[in-house]
J.: 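Starting off with a structure, shown below.
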Amino acid sequence: MNRANELMSRINSQYGSLSKGQKLLAAYITDHYDKAAFLTAAKLGERVGVSESTVVRFAVHLGYKGYPQFQQALEELVRGKLDSIQRMEDVYGKISQSEILSTVLQSDAERIHKTLRTIDEQTFDLAVDIILDARQIYVIGIRSCAPMAEFLAFYLNMMLDQVKLLYTTSSSELLEQMLHIGKEDVIIGISFPRYSLRTLKAMEFANSRSAKVITLTDSVHSPMNLYSSCNLIAHSDMSSIVDSMVAPLSVINALIMAICMKQQKKVVENLEVLEEVWEEYQVYGKDEIDYINDSIKIRYAGVGQKDHER
């Protein structure tokens with residue numbers, strides 16, 4: 001295991017056994033490890049709102065001999081972030097500017113092929129059935145995974161009823177939005193390294209309410225699979241400060257297409273209703289691009305009916 005990621009792996013794998021105060025520490029460290037690395041046990045406890053002894057017990061619970069060793073792990077985590085920049089320089093610093101485009105696209109293509117070879121088709125089919133049978137569908141992705149969650153929720157909402165995208169800046173907000181989740185519902189959690197503890201907590205809560213849990217993550221060893229019985233694996237590793245999300249997005253596209261094929265009649269009906277709504281309320285009336293005689297006519301909101309051709 002990469003030592004820079006060891007601390008986060010310990011936190012994620014042992015999260016379920018932490019006390020309430022220790023979970024507060026885990027959440028703070030996950031989001032602010034770069035600040036926590038420079039705090040004493042007393043200062044860290046003060047920042048989170050727990051006692052110094054709780055901080056020390058937290059470090060020991062994670063398997064460290066004491067707070068000094070725990071703090072060293074935090075420092076390694078910070079250095080790991082800097083090392084990722086160095087890795088990017090090592091890999092991409094040796095190629096010319098003109099080769100970057102082809103190199104990155106080829107790497108993305110290889111990750112899609114690797115995902116295609118390793119993803120379990122039966123699990124994929126199960127995920128489709130679970131989503132179609134669910135009373136309420138919750139979708140969550142934090143940080144870099146937020147755009148993928150929004151993309152998935154947008155298209156699910158075009159086909160299905162009761163789709164809820166979870167927006168949040170804190171764990172408490174998540175639980176408030178999931179207050180009524182139950183055994184007839186499903187949550188789809190999207191998380192890749194560094195894994196989001198808030199996503200993990202949402203899935204833990206859903207599992208405690210007997211809701212079904214689907215994960216989209218990078219490995220069978222991902223902590224996101226802790227509360228899930230339907231795990232979709234997509235490869236995202238990349239020698240850069242930016243992880244490749246092309247393969248995960250391809251899996252999401254496949255999910256959307258599979259659901260669409262099973263809901264063709266409803267999709268057509270929904271699109272027809274949307275067209276009527278757009279027409280009635282002129283949603284695009286003053287903000288669309290029309291291609292007329294090879295020129296682009298743009299009608300701007302606030303300009304009246306005057307057209308500007310370019």
Side-chain angles (χ1 to χ4, degrees), residues 1-87 140-146 166-178 189 191-208 215 217-219 221-228 241 243:
M1 179 186 297
N2 187 333
R3 292 194 65 185
N5 295 321
E6 182 181 357
L7 173 58
M8 288 305 179
S9 296
R10 292 191 187 193
I11 289 175
N12 286 322
S13 64
Q14 299 186 42
Y15 177 78
S17 63
L18 299 179
S19 67
K20 183 178 179 180
Q22 290 172 345
K23 286 182 178 180
L24 292 174
L25 283 165
Y28 179 83
I29 290 168
T30 299
D31 290 338
H32 306 289
Y33 67 90
D34 51 339
K35 297 178 181 178
F38 303 100
L39 299 175
T40 64
K43 286 292 185 181
L44 178 57
E46 181 181 333
R47 186 71 59 89
V48 178
V50 299
S51 66
E52 181 179 357
S53 60
T54 298
V55 176
V56 175
R57 285 195 298 270
F58 173 69
V60 173
H61 186 89
L62 294 179
Y64 298 101
K65 293 180 180 179
Y67 187 76
Q69 189 182 47
F70 171 75
Q71 195 169 36
Q72 288 177 3
L74 277 172
E75 292 170 358
E76 288 181 0
L77 193 60
V78 174
R79 283 198 297 271
K81 186 176 182 179
L82 298 176
D83 289 344
S84 66
I85 299 176
Q86 183 62 50
R87 287 197 303 274
I140 179 172
I142 304 296
R143 295 196 297 267
S144 62
C145 295
L166 300 175
Y167 288 98
T168 180
T169 56
S170 69
S171 297
S172 61
E173 286 184 6
L174 272 181
L175 303 186
E176 290 167 4
Q177 295 174 66
M178 298 171 60
S191 189
F192 291 79
R194 296 184 349 259
Y195 305 110
S196 166
L197 189 58
R198 278 176 284 167
T199 300
L200 183 64
K201 290 172 77 172
M203 289 159 54
E204 178 193 18
F205 180 72
N207 179 263
S208 72
T215 60
T217 188
D218 69 318
S219 167
H221 304 296
S222 166
M224 293 300 115
N225 298 330
L226 185 60
Y227 301 105
S228 171
I241 58 172
D243 287 326

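We count residues from 1, following the sequence as given.
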J.: Work out which heavy atom in Val56 is nearest to a heavy atom in Ala41; give both atom names and the distance.
T.: CG2-CB, 4.4 Å
J.: Judged by atom type as modelled, is there a donor-acceptor pair below 3.5 Å linking the side chain of Ser191 to the main-chain atoms of Ser196?
T.: yes
J.: OG1 of Thr54 to CG of Leu24: how many Å apart, nearest 0.5 Å?
T.: 10.0 Å
J.: Where do Leu7 and Glu76 land on the side chain to side chain contact (heavy atoms under 4.5 Å, CB included) test, with the steps shown first?
T.: CA-CA 9 Å; Leu7 173 58; Glu76 288 181 0; over 6 Å; no
J.: Do Ile29 and Phe58 come close enough that some side-chain heavy atom pair is under 4.5 Å?
T.: yes
J.: What I'd like to find out is whether the side chain of Leu174 reaches to under 4.5 Å of the side chain of Arg198, using heavy atoms alone.
T.: yes
J.: Rounded to the nearest 0.5 Å, what's the gap from CZ on Arg47 to NE2 on His32? Could you check?
T.: 9.0 Å
J.: Determine yes or no for a side-chain-to-main-chain donor-acceptor pair under 3.5 angstrom, with Ser208 supplying the side chain and Phe205 the backbone.
T.: yes
J.: Evaluate the criterion side chain to side chain contact (heavy atoms under 4.5 Å, CB included) for residue pair Leu200 and Glu204; output intermediate values, then yes/no.
T.: CA-CA 6 Å; Leu200 183 64; Glu204 178 193 18; 5.7 Å; no
J.: State whether the side chain of Thr215 and the backbone N or O of Thr217 hold a donor-acceptor pair below 3.5 Å, judged by distance alone.
T.: no
J.: Which atom names give the shortest non-hydrogen contact between Ile140 and Ala202, and what distance separates them?
T.: CD1-CB, 3.9 Å
J.: Going by atom type alone, with no hydrogens or angles, which donor-acceptor pairs under 3.5 Å involve a side-chain atom of residues 59-70 and a protein atom two or more places apart or on another chain?
T.:
from: His61; atom 1: NE2; to: Ser17; atom 2: OG; distance (Å): 3.0
from: Tyr67; atom 1: OH; to: Leu39; atom 2: O; distance (Å): 2.7
from: Gln69; atom 1: OE1; to: Lys65; atom 2: N; distance (Å): 2.6

J.: Are Met224 and Thr199 packed together at the side-chain level, in the sense that at least one heavy-atom pair is separated by less than 4.5 angstrom?
T.: yes
J.: Counting only N and O atoms by type, is there a donor-acceptor contact under 3.5 Å from the side chain of Gln71 to the main-chain atoms of Phe38?
T.: no
J.: A side-chain contact here means heavy atoms from C-beta on lying under 4.5 Å apart; do Phe192 and Ser144 qualify?
T.: no
